[in-house]
Amino acid sequence: MATVKIILDKKKSNQRQDGSFPIKLKVQKEGKHLPINLKKYALIEQWDEDKFNKTFKNYKRENNELRKKLVIAETLIQDYENEIHSWSI
């Protein structure tokens, strides 16, 4: 079964000039992972494990958007796994 998480990709090579990092959906299955860029960015100080914190402008709205994308991804994966029993990344 695959898992999906929201992450702040803190790789130095992904850091933007303003110091922010991309927020991604990380789909993981059988030890392999597929990062999906959500076209959102945050500074390390604006991020708490899997969501924006209060220092990020409009953090509640942005967190709601992230949750919706996570639910969509989880639903797609679950539906796919129910129809096709074997797949890989």
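Bear in mind that the values here come from a model prediction, so they are computed numbers and not experimental data.
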Do [X] and [Y] have side-chain heavy atoms sitting under 4.5 Å apart?
{"X": "Ile36", "Y": "Lys24", "answer": "no"}
{"X": "Glu65", "Y": "Lys40", "answer": "yes"}
{"X": "Ile23", "Y": "Trp47", "answer": "yes"}

ILVMFWY network linking Val4 to Ile7, side-chain heavy atoms under 4.5 angstrom: no
Could you state whether Leu70 and Ile72 fall into the same hydrophobic cluster, counting links through intermediate Ile, Leu, Val, Met, Phe, Trp or Tyr residues with side-chain heavy atoms under 4.5 angstrom apart? no
Just checking, Arg16 and Phe21: is the charged tip under 6.0 Å from the six-membered ring centre and within 45° of the axis? no
Do you know the tightest heavy-atom contact between Glu45 and Thr55?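 So the minimum-distance heavy-atom pair works out to O-OG1, 3.3 Å.
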Quick one: closest heavy-atom pair of Pro22 and Asn14, and the distance? CD-O, 3.5 Å
Rounded distance [0.5 Å steps], [atom1] in [X] versus [atom2] in [Y]:
{"X": "Leu8", "Y": "Glu49", "atom1": "CG", "atom2": "CD", "value": "11.5 Å"}
{"X": "Lys26", "Y": "His33", "atom1": "NZ", "atom2": "NE2", "value": "5.5 Å"}
{"X": "Asn82", "Y": "Ile77", "atom1": "CG", "atom2": "CD1", "value": "12.0 Å"}
{"X": "Gln15", "Y": "Asp9", "atom1": "CD", "atom2": "CG", "value": "11.0 Å"}

Side chain to side chain contact (heavy atoms under 4.5 Å, CB included) assessment of Leu66 paired with Phe52: CA-CA 9 Å; Leu66 291 177; Phe52 292 102; 3.6 Å; yes
Under the 3.5 angstrom rule, does the side chain of Glu83 hit a backbone N or O of Tyr80 as a donor-acceptor pair? no
Between the main-chain N or O of Ala2 and the side-chain N or O of Glu81, is there a donor-acceptor pair closer than 3.5 Å? yes
Evaluate the side chain to side chain contact (heavy atoms under 4.5 Å, CB included) criterion for residues Leu38 and Lys69: first the C-alpha distance (whole Å), next the side-chain angles of each, then the deciding distance (0.1 Å), finally the verdict. CA-CA 9 Å; Leu38 297 176; Lys69 290 180 183 196; 4.0 Å; yes
Establish, from distance only, whether the side-chain atoms of Arg61 and Asn64 form a donor-acceptor pair under 3.5 Å.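 No donor-acceptor contact under 3.5 Å links the two side chains.
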Side chain to side chain contact (heavy atoms under 4.5 Å, CB included) between Ile6 and Leu25: does it pass, once the steps are laid out? CA-CA 5 Å; Ile6 297 172; Leu25 275 177; 3.8 Å; yes
Mind running side chain to side chain contact (heavy atoms under 4.5 Å, CB included) on Lys29 and Thr3 for me, showing each step along the way? CA-CA 7 Å; Lys29 183 174 184 194; Thr3 59; over 6 Å; no
